[in-house]
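Quick note: residue numbers are just sequence positions, from 1.
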Amino acid sequence: MKTLIAYSSKHGCTETCTRLLSDCLEGEVERVNLKEESEVNLSTYDTVVIGSPIYAGRILDDVRSFTEENMDALMQKNLGLFICGMQEEHTIREELELNYPAVLRKAAVVTDCFGGEYHFDTMNFMEKMIIKKVAKVKEDVSDIREETIQEFADKLNAVEPISS
């Protein structure tokens with residue numbers, strides 16, 4: 001089984017999660033950062049996982065464009081969808097539902113939220129101010145849910161490859 005993890009990352013958390021996920025998945029896994037490579041040939045993959053952080057309630061534009069442009073091809077794959085963020089559980093689940101089209105969520109084998117991180121050294125001044133005021137956090141924090149990532153991978157690993 002060949003898997004693509006297509007993602008975009010702003011401060012590195014989503015990229016870290018894709019590395020953790022790729023270590024848990026069986027078969028050949030390729031990770032593609034959509035900020036660097038937007039054209040991807042999906043025909044060679046059985047499984048496609050799409051991931052993005054949430055900022056101001058939205059996934060990154062690279063990921064949104066990728067899902068819109070490849071909707072038909074994605075519907076023919078074993079599909080996984082995830083987001084990263086530090087919001088409360090009910091909020092982040094709601095954001096997952098608002099940001100991925102219903103047709104993709106329904107077709108997905110698994111959807112989940114992998115937690116998040118705050119890295120102040122990668123943030124601009126405004127981002128730091130917002131995080132300090134809204135989240136009341138003043139130093140780096142990591143809340144990546146490694147158990148959730150493993151469970152996500154287990155569900156994908158249990159799916160039969162799609163025959164072409």
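Each of L98 and I83 belongs to its own hydrophobic cluster when Ile, Leu, Val, Met, Phe, Trp and Tyr are linked at side-chain heavy-atom distances under 4.5 angstrom.
Evaluation of the side chain to side chain donor-acceptor pair (under 3.5 Å) test over residues 64-73, restricted to residues two or more places apart or in two chains, returns R64-N99. The list of salt bridge (Lys or Arg N to Asp or Glu O under 4.0 Å) pairs with a residue in residues 144-153, not counting sequence neighbours, reads E89-R145. Pairs passing the side chain to side chain donor-acceptor pair (under 3.5 Å) check and including a residue from residues 20-36, sequence neighbours excluded, read T18-R31, E30-Y45.
Between T14 and S52 there is no side-chain heavy-atom pair separated by less than 4.5 Å. Two residues are said to be in side-chain contact when any heavy atoms from C-beta on lie closer than 4.5 Å; L4 and V40 meet this criterion. Proximity of L104 to M75: side-chain heavy atoms (C-beta onward) are separated by under 4.5 Å at one or more points. At a threshold of 4.5 Å between non-hydrogen side-chain atoms, the residues T44 and K2 count as touching. Taking the side chain as every heavy atom from C-beta outward, I54 and C84 never approach each other to under 4.5 Å. Contact annotation: the side chain of V49 approaches that of L21 to within less than 4.5 Å [non-hydrogen atoms, C-beta and beyond]. The shortest distance between side-chain heavy atoms of V109 and L79 does not fall below 4.5 Å. A 4.5 Å side-chain heavy-atom check between I5 and L25 finds at least one atom pair inside the cut-off.
Pairing each heavy atom of L74 with each of I50, the nearest pair is CD1-CD1, 3.7 Å. The shortest non-hydrogen separation linking P101 to M71 is CG-CE, 3.7 Å. Heavy atoms only, all atoms of each residue included: S9 and G12 are closest at OG-N, 3.1 Å. Scanning both residues, R105 and Y100, for their nearest heavy atoms gives NH1-O, 2.5 Å.
A distance-only check finds a donor-acceptor pair linking the side chain of N78 to the backbone of E160 [under 3.5 Å].
Residues passing the side-chain hydrogen bond (donor to acceptor under 3.5 Å, both in side chains) test with S8 are D62, sequence neighbours excluded. Residues that satisfy the ring-ring contact (aromatic ring centres under 6.0 Å, His included) test with F82, not counting sequence neighbours, are F114. Every residue meeting the side-chain hydrogen bond (donor to acceptor under 3.5 Å, both in side chains) condition with K10, not counting sequence neighbours, appears here in chain and number order: E127.
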- Might you work through the side-chain contact (heavy atoms from CB on, under 4.5 Å) test for E97 and R93, ending with a clear yes or no? CA-CA 6 Å; E97 290 191 14; R93 292 240 170 249; 5.7 Å; no
- Task: Could you give me the CA-CA distance, side-chain angles and deciding distance for T111 and F152, then say whether side-chain contact (heavy atoms from CB on, under 4.5 Å) is met?
- Result: CA-CA 8 Å; T111 64; F152 187 98; 5.6 Å; no
- Evaluate side-chain contact (heavy atoms from CB on, under 4.5 Å) for L96 paired with C113, printing each intermediate quantity in order. CA-CA 8 Å; L96 190 146; C113 311; 3.9 Å; yes
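Between atom CG of residue L156 and atom OG1 of residue T47 there is a gap of 6.0 Å, rounded to the nearest 0.5 Å.
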